[in-house]
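What follows is a single structure, written as structure tokens, with notes after it.
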Amino acid sequence: MRGGLAPNLRFCHPSVPSTLFMHCHLRRSKNGSLFFTPPPHRQLRFSRFPFPFVVASSSSIMEDTIRSAEASKPPFSVLFVCLGNICRSPAAEAVFTDIVRKRGLESKFRIDSAGTIGYHEGNPADSRMRAAAKKRGIEVTSISRPVQPSDFRVFDLILAMDMQNRDDLLSAFDRWSHKEKLPKDAYKKVKLMCSYCKKHSETEVPDPYYGGPKGFEKVLDLLEDGCEVLLDTIISQNS
Ligand code: 4NP
């Protein structure tokens with residue numbers, strides 16, 4: 001845990017300016033106390049202060065402190081990607097948003113979708129996809145946009161609907177990474193949506209665009225399964 005805690009902790013040592021703590025690491029000792037240590041690269045500047053500071057030893061203060069650190073965490077960001085960003089990924093965005101909302105976690109997430117092509121840019125989702133989702137109580141509201149280089153920087157997780165989408169994302173990353181100075185391992189953020197499905201054995205969310213109504217239902221079945229597991233996984237890996 002780093003920074004963001006100073007305003008709560010002014011009481012902990014009157015001789016120390018609260019801004020000092022913005023750069024410090026909050027640690028928990030074996031007996032449960034919380035204390036700050038200076039960051040390794042600033043030890044000289046900090047050496048005149050008597051580190052480590054114990055900042056909380058009662059469990060209620062400690063829990064409040066942890067809660068306030070968690071509240072200042074940036075939201076976890078998820079981008080869903082398909083080809084046109086008018087059928088599968090807007091539906092994934094809507095299904096995941098619905099599940100996140102039902103669990104009261106909307107402030108903890110940033111959720112978006114995009115397409116590997118820009119052909120439908122500016123268009124709302126396909127009316128067949130919106131109608132199928134609406135029957136399940138889910139509003140699909142996103143407007144199509146193509147994937148952009150900054151997505152690899154901004155998003156924590158990028159979920160491809162099928163293997164072609166995943167390959168296209170990885171090729172785009174290869175093309176952009178040098179010029180756009182993208183983090184070297186940002187391609188690892190790309191995963192297949194169906195890798196989170198528990199009740200279905202499909203490996204891809206099939207493209208419903210040229211098919212009939214059953215295709216749209218199948219998309220939603222897969223997404224409802226995958227998005228539940230996705231949320232559980234994110235929560236358990238980030239708690
Ligand atoms: P999506 O579906 O990738 O799930 O949005 C498609 C949308 C448009 C096209 C193909 C698939 N298209 O060929 O225009």
Side-chain angles (χ1 to χ4, degrees), residues 77-101 109-152 154-176 186-231 233-234:
S77 53
V78 184
L79 180 70
F80 297 95
V81 175
C82 61
L83 176 68
N85 190 215
I86 54 168
C87 296
R88 293 165 291 171
S89 61
E93 178 188 339
V95 167
F96 190 62
T97 300
D98 185 60
I99 295 170
V100 163
R101 233 180 243 150
F109 283 89
R110 174 178 175 186
I111 305 164
D112 198 0
S113 65
T116 56
I117 58 169
Y119 186 73
H120 296 279
E121 186 168 7
N123 293 341
D126 187 288
S127 57
R128 297 163 296 171
M129 190 76 256
R130 282 187 281 138
K134 196 163 188 182
K135 276 198 287 173
R136 299 186 189 207
I138 296 164
E139 293 288 339
V140 179
T141 56
S142 75
I143 301 295
S144 177
R145 71 157 176 98
V147 170
Q148 55 199 24
S150 60
D151 290 331
F152 286 98
V154 166
F155 288 93
D156 297 306
L157 200 50
I158 301 175
L159 290 157
M161 296 297 126
D162 63 31
M163 290 175 203
Q164 185 63 56
N165 304 152
R166 181 188 59 186
D167 292 351
D168 290 342
L169 279 164
L170 296 177
S171 303
F173 178 80
D174 284 342
R175 278 198 312 280
W176 293 333
Y187 72 92
K188 292 182 186 165
K189 296 172 175 184
V190 178
K191 312 253 189 262
L192 277 172
M193 182 73 239
C194 280
S195 65
Y196 291 92
C197 287
K198 204 156 66 176
K199 301 177 189 154
H200 296 82
S201 58
E202 283 87 341
T203 53
E204 303 183 296
V205 182
D207 183 348
Y209 191 68
Y210 292 108
K214 275 191 184 155
F216 292 89
E217 296 302 328
K218 184 75 193 177
V219 166
L220 290 167
D221 291 343
L222 291 166
L223 292 176
E224 284 179 341
D225 180 9
C227 286
E228 283 283 354
V229 181
L230 172 65
L231 180 55
T233 307
I234 294 170

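As the structure lists them, so they are numbered: ligands from 1, and atoms in each ligand from 1.
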Test of understanding: with ring-ring contact (aromatic ring centres under 6.0 Å, His included), list the residues that count as partners of F152, not counting sequence neighbours. F173
Under 4.0 Å from ligand 1, residues with heavy atoms, in chain and number order, are C82, L83, G84, N85, I86, C87, R88, H120, D207, Y209, Y210
Lys/Arg-Asp/Glu bridge criterion (N-O < 4.0 Å) met for K199, E224: no
When you check the gap from the basic side-chain N to the acidic O, do D151 and K189 get nearer than 4.0 Å? no
If you look only at pairs with a residue in residues 117-141, which of them pass as a ring pair (Phe, Tyr, Trp, His ring centres under 6.0 Å), with sequence neighbours excluded? none
Check this for me, if you would: do K135 and E217 make a salt bridge, where the nitrogen-to-carboxylate-oxygen distance has to be below 4.0 angstrom? yes
In chain order, what residues pass the ring-ring contact (aromatic ring centres under 6.0 Å, His included) check against F109, with sequence neighbours excluded? F96
